[in-house]
S.K.: 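Handing you a structure now.
Ligands are counted one by one from 1 in listed order, and the atoms in each one are counted from 1 as well. Just so you know, these numbers use all the heavy atoms, side chains as well, and skip hydrogens, waters and symmetry mates.
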Amino acid sequence: MLFFDLKKINGRYADELKRAASEVIDSGRYIRGGAVERFEDELSAFTGCRYAIGTGNGLDALRLILKAYTELGIMAPGDEVILPANTFIATLLAVADNGLKPVITDIDPETMNLDTELAEKAITSRTKAIIPVHLYGNCCWDGRLRNIALNRGIKIVEDNAQAIGATSDTDGINGGRTAGHLGHASGISFYPAKNLGALGDCGAVTTDDPLLADTVRALGNYGSTRKYVHEYMGLNSRMDEMQAAFLSVKMKYLDADNEIRRGIASVYGRCIRAGEVKKPAPHNGKCVWHQYVIRTSERDGLQRFLAENGVETMIHYPTPLHRHEACREYSHLHLPVAEKYAGEILSLPISPVMTHADAEYVSDLINRFFGA
Ligand SMILES: *Cc1c(COP(=O)(O)O)cnc(C)c1O
């Protein structure tokens, strides 16, 4: 069993995707035509955000938000941005790339997301933003982050690469509850393996803030609002028409696909009996199960056993941020939960093309490994 069968996932929509591609080819407009605008409107309606801006990828979505805040004078190089140790490195690169200082904090032992209490304790006079990562499809959002966002002059930028379609039990700062509509802005990724995956790279920024939206849009288009008029030192990071057309097709099925993932997660929840395995508990609103991540001290042995029985698994993520070579200036940090968990976590197959029987098979193997 493949960890994630992209060919099969997109194969379900092959005819529609091919039709959408033909329309783009025939239109003669490949950058900044109607398909991107249409998808941005759909994304804004889906998340409830006033603005959605297509970008070249998810990393750029986060980079552009922080770059826009810098251009607007809200942050300056050297200011601090708090983020969790257990995430994909893009979260940190977006910060470092803008000359901002990443402050890496430990994770919550239950959610494996940012520990919001530790994040609050890490706030200094130079803290300008916190990046909660909606890891594995769970919203990282609570009353504490909301209070910080509303009362302390600190921007909350959601890393929403993994949770499109998820909701939180706690209101966002503008009353919304969907991932991407909780803090001041969010960066989304449509990398092919995400819950809403394009057939290439692209991403988006969502926000209710008109000034931020305009600045992000200009920055991603060479710092320009009108052709050949450049207000900022921008970059080229736009969603292209082909990807937007594909995303409009797949967007229609996103809620249904997320529902299938919930079904798979509930099979795992019911069928994995081994007491040695700590199963993930959905802890906040509606989770979209980008990953189903279990923990066990016998992770490596279990992973090998599953592989021998034809089941591919992955580790998200094997190395906490501060242990990467690229982050050697943070290697002195001791973040015990993130460090311990990196050796125990295991992502089981989960996708909208898996069957309940597949999940039962994986669960049985796990039970067998532990003699349960
Ligand atoms: C995928 C991902 C990103 C980056 O998105 P890209 O589109 O690959 O640039 C950022 N953060 C997290 C948590 C991700 O999973």
S.K.: List below, pair by pair, the N or O atoms of ligand 1 and of the protein that are less than 3.5 Å apart, including the distance to 0.1 Å; reply 'none' if no pair qualifies.
M.R.:
unit_1   : atom_1 : unit_2 : atom_2 : d
ligand 1 : 5 (O)  : S189   : OG     : 3.2
ligand 1 : 7 (O)  : G58    : N      : 2.7
ligand 1 : 7 (O)  : S189   : OG     : 2.7
ligand 1 : 9 (O)  : G58    : N      : 3.2
ligand 1 : 9 (O)  : L59    : N      : 2.9
ligand 1 : 11 (N) : D159   : OD1    : 3.3
ligand 1 : 11 (N) : D159   : OD2    : 2.8
ligand 1 : 15 (O) : Q162   : NE2    : 2.8
ligand 1 : 15 (O) : K194   : NZ     : 2.8

S.K.: For residues M314 and I9: do they belong to one hydrophobic cluster (side chain heavy atoms under 4.5 Å, members Ile, Leu, Val, Met, Phe, Trp, Tyr)?
M.R.: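 Same cluster.
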S.K.: Are F370 and T296 close enough that some pair of their side-chain heavy atoms sits under 4.5 Å apart?
M.R.: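 Counting from C-beta outward, F370 and T296 do come under 4.5 Å.
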S.K.: Restricting to pairs with a member in residues 256-280, which pass ring-ring contact (aromatic ring centres under 6.0 Å, His included), not counting sequence neighbours?
M.R.: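 For residues 256-280: Y268-Y292.
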S.K.: Less than 4.5 Å apart, any side-chain heavy atom of I164 and any of L43?
M.R.: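 The answer is yes; the side chains approach within 4.5 Å.
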S.K.: Once rounded to the nearest 0.5 Å, what's the spacing between atom CZ of F305 and atom OG1 of T313?
M.R.: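 Rounded to the nearest 0.5 Å, the CZ-OG1 separation comes to 12.5 Å.
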S.K.: For Y341, is the NZ or CZ atom of R295 found under 6.0 angstrom from the centre of its six-membered ring and inside 45 degrees of the ring axis?
M.R.: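 The answer is yes; both the distance and angle limits are met.
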